[in-house]
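Shown next, in structure tokens, is the structure this report addresses.
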Amino acid sequence: LVIGHYAFYHCSSLQGDLRITDNVETIGNYAFWGCSGLTGTLSLTDKIEKIGSNAFQGCSGLTGNVKIGGNLTKIEDSTFYGCSGLEGIEIGETIETIGPQAFYYCTGIKKVKIPISTEYYIDDQTTMGYPERMSFNYCSSIEEIEYTKGTGKTFYPLDLFYAGTYRQGLAESAHESLKKVIFEDGIKEIPYYAFENCSNLETVKLPEVLEKIGRNAFYGCSSWNDEIELPNTIEEIEDSAFYECTSLTGNFVLPENVKT
């Protein structure tokens, strides 16, 4: 079954939950654009193979957590743009890329679960580096990020902004609100600048087979108040990785395998 392009475009008086049944394989572009009267949860099945761009844009009344994965490999441009009522998103292991503005202005999201290998937009060089096309721009309420292993590769969500500052993607949007980060066991690398100046970050769970912590990864995370336990697999801790993490506690033991 296919829900076509613009099928329920701007049907703003529709109400209640939006449950996509197992027989739906494709949701077209702008299919539910502007259905702001939907005030329940959004349920997507693992049978869906494609969700078009702007499919749920402006569905600001949708609430709860949404799981995106199954047969999908990409979240298209502006799919959930302005879905400000969503509280959590779980991005499945099959998702390889997330398009520009996919979760733009999803200001209610508090928890994100995402493969560390999933690629997403940082900024758009064609707009002189302005961040308006970032996948997670203005997701300003995120309190917890959980990274899963994904394909085993690590996506570096970092680019050099045209004015000389760094764009950090998902963590950048959550700077003021981010309190907890979890890395699934099996992740081997934490990217450079990953959580720089996330000054309210309190808790970090590191993976057991971690091998590298990138430059400035936790720079300025001054509220991180746990004991830090580095696994014995660590080989590299790059410059300023824990610079001014002034609240770290407990006995610190440097693993024997550390080379740099």
Side-chain angles (χ1 to χ4, degrees), residues 65 86-91 103 106-118 120 122 134 136-150 154-158 165-260:
N65 302 317
L86 292 178
E87 299 163 16
I89 53 173
E90 181 177 344
I91 297 170
F103 296 97
C106 290
T107 54
I109 291 175
K110 291 181 170 59
K111 181 175 180 180
V112 176
K113 186 174 183 180
I114 182 172
I116 201 166
S117 58
T118 299
Y120 53 87
I122 311 304
M134 292 169 62
F136 295 94
N137 207 21
Y138 298 111
C139 293
S140 54
S141 299
I142 297 172
E143 297 179 357
E144 180 178 331
I145 302 173
E146 180 178 353
Y147 291 98
T148 59
K149 184 179 177 182
T154 298
F155 169 55
Y156 272 61
L158 180 70
T165 58
Y166 286 103
R167 315 302 302 171
Q168 295 163 290
L170 177 57
E172 181 184 27
S173 293
H175 261 168
E176 297 299 321
S177 58
L178 188 61
K179 295 180 180 179
K180 184 176 183 179
V181 174
I182 299 170
F183 291 95
E184 183 181 68
D185 288 337
I187 292 173
K188 296 183 178 181
E189 187 173 350
I190 296 175
Y192 44 66
Y193 296 89
F195 305 98
E196 184 181 33
N197 291 324
C198 290
S199 58
N200 293 315
L201 180 61
E202 298 175 353
T203 303
V204 178
K205 181 185 179 298
L206 298 174
E208 293 183 357
V209 295
L210 186 63
E211 296 177 357
K212 179 180 178 180
I213 300 174
R215 181 173 72 252
N216 288 51
F218 297 101
Y219 183 110
C221 293
S222 55
S223 296
W224 184 359
N225 56 14
D226 279 347
E227 293 188 15
I228 181 170
E229 297 183 13
L230 297 177
N232 291 328
T233 52
I234 285 279
E235 297 180 355
E236 294 182 66
I237 302 174
E238 294 193 335
D239 296 354
S240 303
F242 298 99
Y243 187 93
E244 291 197 348
C245 291
T246 53
S247 298
L248 285 175
T249 61
N251 297 319
F252 176 70
V253 178
L254 190 66
E256 295 180 358
N257 291 330
V258 173
K259 299 175 183 176
T260 58

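Nothing fancy with the numbering, it's 1 onward along the sequence. Everything numeric in this text was worked out from a predicted model, so none of it was measured.
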Checking side chain to side chain contact (heavy atoms under 4.5 Å, CB included) for the pair Arg215/Tyr193: CA distance, chi angles, key distance, verdict? CA-CA 6 Å; Arg215 181 173 72 252; Tyr193 296 89; 3.5 Å; yes
Should Lys110 and Glu87 be marked as a side chain to side chain contact (heavy atoms under 4.5 Å, CB included) after you check the CA-CA gap, both sets of side-chain angles, and the distance that decides it? CA-CA 6 Å; Lys110 291 181 170 59; Glu87 299 163 16; 5.6 Å; no
Does the side chain to side chain contact (heavy atoms under 4.5 Å, CB included) test come out yes or no for Phe195 and Val204, once each step is laid out? CA-CA 11 Å; Phe195 305 98; Val204 178; over 6 Å; no
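In this structure a side-chain-to-backbone donor-acceptor pair under 3.5 Å is present from Asn200 to Glu176. At distances below 3.5 Å, not a single donor-acceptor pair connects side-chain atoms of Ser141 with backbone N or O atoms of Ile109. Not one N or O on the side chain of Asn216 forms a donor-acceptor pair closer than 3.5 Å with the backbone of Glu196. A distance-only check finds no donor-acceptor pair linking the side chain of Thr233 to the backbone of Glu211 [under 3.5 Å].
Annotation: the span from Glu202 atom CD to Ser222 atom OG amounts to 10.5 Å, rounded to 0.5 Å. A distance of 4.0 Å separates CG in Leu170 from CD1 in Ile145, rounded to the nearest 0.5 Å. Rounding to the nearest 0.5 Å gives a distance of 8.5 Å between CG of Leu86 and CG of Asn65. The distance from atom CG of Leu201 to atom NZ of Lys179, rounded to the nearest 0.5 Å, is 11.0 Å. Residue Ile89 holds its CD1 atom at 7.0 Å from CD1 of Ile114, rounded to the nearest 0.5 Å. Distance check, rounded to the nearest 0.5 Å: SG of Cys245 to CG of Asp226 gives 11.5 Å.
Qualifying side-chain contact (heavy atoms from CB on, under 4.5 Å) partners for Thr154, counting only residues two or more places apart in sequence or in other chains: Ile116, Tyr156, Glu189, Pro191. For the side-chain contact (heavy atoms from CB on, under 4.5 Å) test, residues two or more places apart in sequence or in another chain that qualify with Glu227 are Glu229, Thr249. Checked against side-chain contact (heavy atoms from CB on, under 4.5 Å), Pro255 has the following partners two or more places apart in sequence or in another chain: Leu230, Asn232, Ile234, Val258.
Within a 6.0 Å radius of NZ in Lys149, no more than 12 heavy atoms belonging to other residues, nucleotides or ligands are found. Counting non-hydrogen atoms of other residues, nucleotides and ligands closer than 6.0 Å to OH of Tyr243 gives a total of 12 or fewer. Lys205 NZ: more than 12 foreign heavy atoms inside a 6.0 Å radius. For Glu235, the CD atom is densely surrounded, since the number of other residues' heavy atoms within 6.0 Å is greater than 12.
Phe103 is not listed as a side-chain neighbour of Val112, based on a closest heavy-atom distance of 4.5 Å or more. Side-chain contact check for Ile213 versus Phe218: some heavy-atom pair is nearer than 4.5 Å. Considering only heavy atoms from C-beta on, Glu238 comes within 4.5 Å of Lys212 through its side chain.
Of all heavy-atom pairs between Gly150 and Ser117, the closest is CA-OG, 3.4 Å. Here the shortest heavy-atom pairing between Ala241 and Gly214 reads CB-O, 3.8 Å. Across every non-hydrogen atom of Ile182 and Lys180, the tightest pair is CD1-CE, 3.7 Å. Between Ser173 and Phe136 the shortest heavy-atom distance is OG-O, 2.7 Å. In terms of heavy-atom proximity, Leu210 sits nearest to Pro231 at CB-CG, 3.9 Å. Residues Ile142 and Ser177 share a closest heavy-atom pair of O-OG, 2.6 Å.
Using cut-offs of 30° and 60° on the angle between ring planes, the pair Phe155 and Tyr120 is perpendicular.
For the pair Glu144 and Lys111, the salt-bridge criterion is met [side-chain N within less than 4.0 Å of a carboxylate O].
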